[in-house]
2 protein chains.
Amino acid sequence: MQQRISATYHLTTRDDPMRTASLIAGEQSSGTFVVIPGEDEALKARAAATFDISPLAEPSEKGALGHYRLTLSWPLANLGPSLPNLMVTIAGNLYELRPVHSLRLLDITLPQAFAAAYAGPAFGISGTRALCSVPQAPLIGTIIKPSVGLSATDTAAMVAQLCEAGIDFIKDDELQADGSTCPFDERVRLCMQVIRRHAERSGRKVMYAFNLTGELDEMRRRHDLVMAEGGTAVMLGLNSVGMTGFNAFRRHARLPIHAHRNGWGYVQSGWSYVAWQKLWRLAGVDHMHVNGIANKFQEDDDSVIASAHACLTPMFTDKACTVMPVFSSGQTVMQAHPTWQRLQSQDLIFLAGGGLFAHPGGIAAGVNALRQSWDAAISGVPLATAAKTHRELREAIATFGPIT
Amino acid sequence: MQQRISATYHLTTRDDPMRTASLIAGEQSSGTFVVIPGEDEALKARAAATFDISPLAEPSEKGALGHYRLTLSWPLANLGPSLPNLMVTIAGNLYELRPVHSLRLLDITLPQAFAAAYAGPAFGISGTRALCSVPQAPLIGTIIKPSVGLSATDTAAMVAQLCEAGIDFIKDDELQADGSTCPFDERVRLCMQVIRRHAERSGRKVMYAFNLTGELDEMRRRHDLVMAEGGTAVMLGLNSVGMTGFNAFRRHARLPIHAHRNGWGYVQSGWSYVAWQKLWRLAGVDHMHVNGIANKFQEDDDSVIASAHACLTPMFTDKACTVMPVFSSGQTVMQAHPTWQRLQSQDLIFLAGGGLFAHPGGIAAGVNALRQSWDAAISGVPLATAAKTHRELREAIATFGPIT
């Protein structure tokens, strides 16, 4: 059977839905705005996108806004199993067509050829756990704060405290790459010296995702430096690097790739996270940011949990491409229970910045409190009950709770 | 003096504007949601983003939506002259903050260090004109239609007709890359054979921008094939390739780069075209799509003209980075006069697909009519007057006009 790509959208329009759907399908395949010589029926049968449309909410009267579920389907032969060209086909010129009031990609289904063409995550959940020596339970992590402004020496001093405090995972802020205040190479050398020494003593190597976002040759060279220094992860910003740059880097990479989604604020106008994360997982990220419950941004909890579930849902029968969802943004001990209740998975990275550093008992108390909150959640012990027997947790609740 | 990056936004919020601006500036520099150890005043002075905010439309009452012009300013030292990291800083996590109702980047100003770090367009306007042997007047061009579905042989046959018809410029549709129906290599070989033969006879080589969007190694190899076959341009989709992939390709490229903006429909929720095109021009595109007057999409004419003006406005005193704006989307003889009246520049590529192929007199008549419309516009001859003495133009007006 011919392999096809399908994409489902939420379409709103004041126009005739069949006419609008047909226009979109034409724009994204063999159509143009007038019938032209060469547009014969055989060609259309071969290359045209087909569509299916059903109402979600009918317009109240003619000319009022109607909501529809639109599914487009393309023959793989139009583009081949190419992620950059997939983006053009499923998320190219279609949004701007005049009868379209709004259009958002909800989900995609890719034929098997895509699974064969891309590597997927090299480490994923099990590979990340192995490198961190955390066989189960969420990875407790943090973002170096302040976001930007610390020197490399300051950063390494903070990493030393975090290692002593028993952290599993550290990442750079997405704003921290290779500015002159904190150059990448110096940061990696100084921080890895600390992490290696701690690993020698403790037998556990803290995973630090160094933000190597930049030009491709820089990213490759920085990756090799992290590797040479014994580092176990790198981080990059997907919307800055882009799909082609990511794929070129992925072929070079021998470390887990921690993917930051900054810029999601504009990308989300056309993409649901459920659709978007599939492309990046297939391309080969290992950790995907999903925001967090009761976050400091606008996203609601349902959306956050749907994103995290998506990251943990296999993509192909023989190629799951499952990745670690990364919870962050205003996360504290107050979010462990609601996150666990809704996600029912321990396979996640839980990042707290202020929610760790601002613990009144210091950084070690901050790490302990976070771990206590997750232990309680997973064991089914209410937060208030756990707080009675765990001082750090009690102090954290007094500082950060309740969620407003 | 310390070099700084500045970015201006249109912000709408129901919240206190100073508080919101301060939150955004903090999120995008040295802030976090609680004050943490290490956030000393010296660090803040060094790394914090500063801001300036002024009302565009004050809220009618407390809690109503206010419109503001917000300018953020960062020290270059936070990130260095890196375009991928610039995107994180100016268009990263800021859009999603809770008090932000909407936020759109209007314009950016980059310090001189960016001009030194990136190549800019290698060909730009004069280089493109030289390769096309069109010293002045708009380049009359077309997109191979149907968008996708033609074989390489069919495409070459159409190119032969277009060459005979006197076209200046041809491009692939953005959906046409390397699908199995029309493989890239075969398309380039067959089309360039036609173009070379025509150039030998006519002394003018038609510029064909072959869409090489794909993985980086594919793009480099495809570029080299186009070059070896005597081709004079390549095309790619900026939002699929992304900034890092583009920059890696740009270093390899020895041909003009025709930049397609498909996906702009979602990017525009966070970026004005005026801001966005600056990054890509500095990175080194030669032609930038700007949509067209009375287009088939939602964009209004003011916005289209502002985009085209931006492409023609120098970026740095010693590095103009000016590029050819590319007009397309439902363009016909009816758009020459209004485009000229508002742009007052001949430095543009004018693409008609259906507006050329569907001319009742055939393709040569279609090209002639487009050229006649532009000659008339630039000479100050009204369209109706020119139509009296030019049959092809008259037929085109009967077919395509008036604009509804």
Side-chain angles (χ1 to χ4, degrees), chain A residues 29-30 32-34 36-39 43 46-47 77-80 82 84-85 87-89 91-93 95-98 145-149 174-175 177-181 213-216 237 240-245 247-248 262-263 265-267 269-271 296-298 330 353-354 357-358, chain B residues 29-30 32-34 36-39 43 46-47 77-80 82 84-85 87-89 91-93 95-98 145-149 174-175 177-181 213-216 237 240-245 247-248 262-263 265-267 269-271 296-298 330 353-354 357-358:
Chain A
S29 61
S30 54
T32 185
F33 78 111
V34 286
I36 60 169
E39 276 197 334
L43 183 151
R46 191 169 65 224
N78 281 22
L79 58 148
S82 164
N85 288 300
M87 291 175 75
V88 180
T89 299
N93 266 350
Y95 299 102
E96 298 164 76
L97 290 165
R98 281 199 187 261
K145 296 277 179 184
S147 309
V148 67
E174 79 275 10
L175 296 168
D178 189 36
S180 57
T181 311
T213 301
E215 304 305 341
L216 184 60
S240 294
V241 171
M243 186 54 82
T244 295
N247 292 337
N262 72 82
Y266 61 88
V267 175
S269 75
W271 297 74
K296 67 182 170 182
F297 298 115
Q298 292 154 0
F357 287 110
Chain B
S29 62
S30 54
T32 185
F33 76 113
V34 285
I36 61 170
E39 277 196 333
L43 183 151
R46 191 169 65 225
N78 281 21
L79 58 149
S82 164
N85 288 300
M87 292 175 75
V88 180
T89 299
N93 266 350
Y95 299 102
E96 299 164 77
L97 291 165
R98 281 198 187 263
K145 296 278 180 186
S147 309
V148 67
E174 79 275 10
L175 297 168
D178 191 36
S180 57
T181 311
T213 303
E215 304 305 341
L216 183 60
S240 293
V241 170
M243 186 54 83
T244 295
N247 292 337
N262 73 80
Y266 61 87
V267 175
S269 75
W271 297 75
K296 66 182 171 183
F297 298 115
Q298 293 154 359
F357 287 111

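Being a predicted model, the structure only gives us computed values, none of them experimental. Atoms considered below: every heavy atom in the structure, side chains included; atoms not considered: hydrogens, waters and symmetry mates.
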Are the side chain of [X] and the backbone of [Y] linked by a donor-acceptor contact shorter than 3.5 Å?
{"X": "S240(A)", "Y": "N85(B)", "value": "no"}
{"X": "S147(B)", "Y": "S30(A)", "value": "no"}
{"X": "S82(B)", "Y": "G214(A)", "value": "no"}
{"X": "E96(A)", "Y": "Q298(B)", "value": "no"}

Among [options], residue most engaged with chain A (heavy-atom pairs, under 4.5 Å):
{"options": "A47(B), G237(B), G92(B), G245(B)", "value": "G92(B)"}
{"options": "L216(B), V88(B), L79(B)", "value": "V88(B)"}
{"options": "E174(B), R98(B), M243(B)", "value": "R98(B)"}
{"options": "N247(B), T89(B), L175(B)", "value": "L175(B)"}

Counting heavy-atom pairs under 4.5 Å with chain B, which one of [options] comes out on top?
{"options": "G270(A), S180(A), G149(A)", "value": "G149(A)"}
{"options": "T181(A), V267(A), L97(A)", "value": "L97(A)"}
{"options": "G80(A), G242(A), S269(A)", "value": "S269(A)"}

Check: Using non-hydrogen atoms only, which part of N78(B) is less than 4.5 Å away from chain A: side chain, backbone, both, or neither?
Finding: both
Check: For the atom pair OH (Y266(B)) and OH (Y266(A)), what is the distance rounded to the nearest 0.5 Å?
Finding: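 Nearest 0.5 Å value for the OH-OH distance: 8.5 Å.
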Next item on the list: Write down the atom of N93(B), the atom of F297(A), and the distance for their closest heavy-atom approach.
Entry: O-CE2, 3.5 Å
Margin query: I'd like to check the side chain to side chain donor-acceptor pair (under 3.5 Å) partners of T213(A); sequence neighbours left out, ordered by chain and number.
Written below: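 Partners of T213(A) by the side chain to side chain donor-acceptor pair (under 3.5 Å) criterion, ordered by chain and then number, come out as N211(A).
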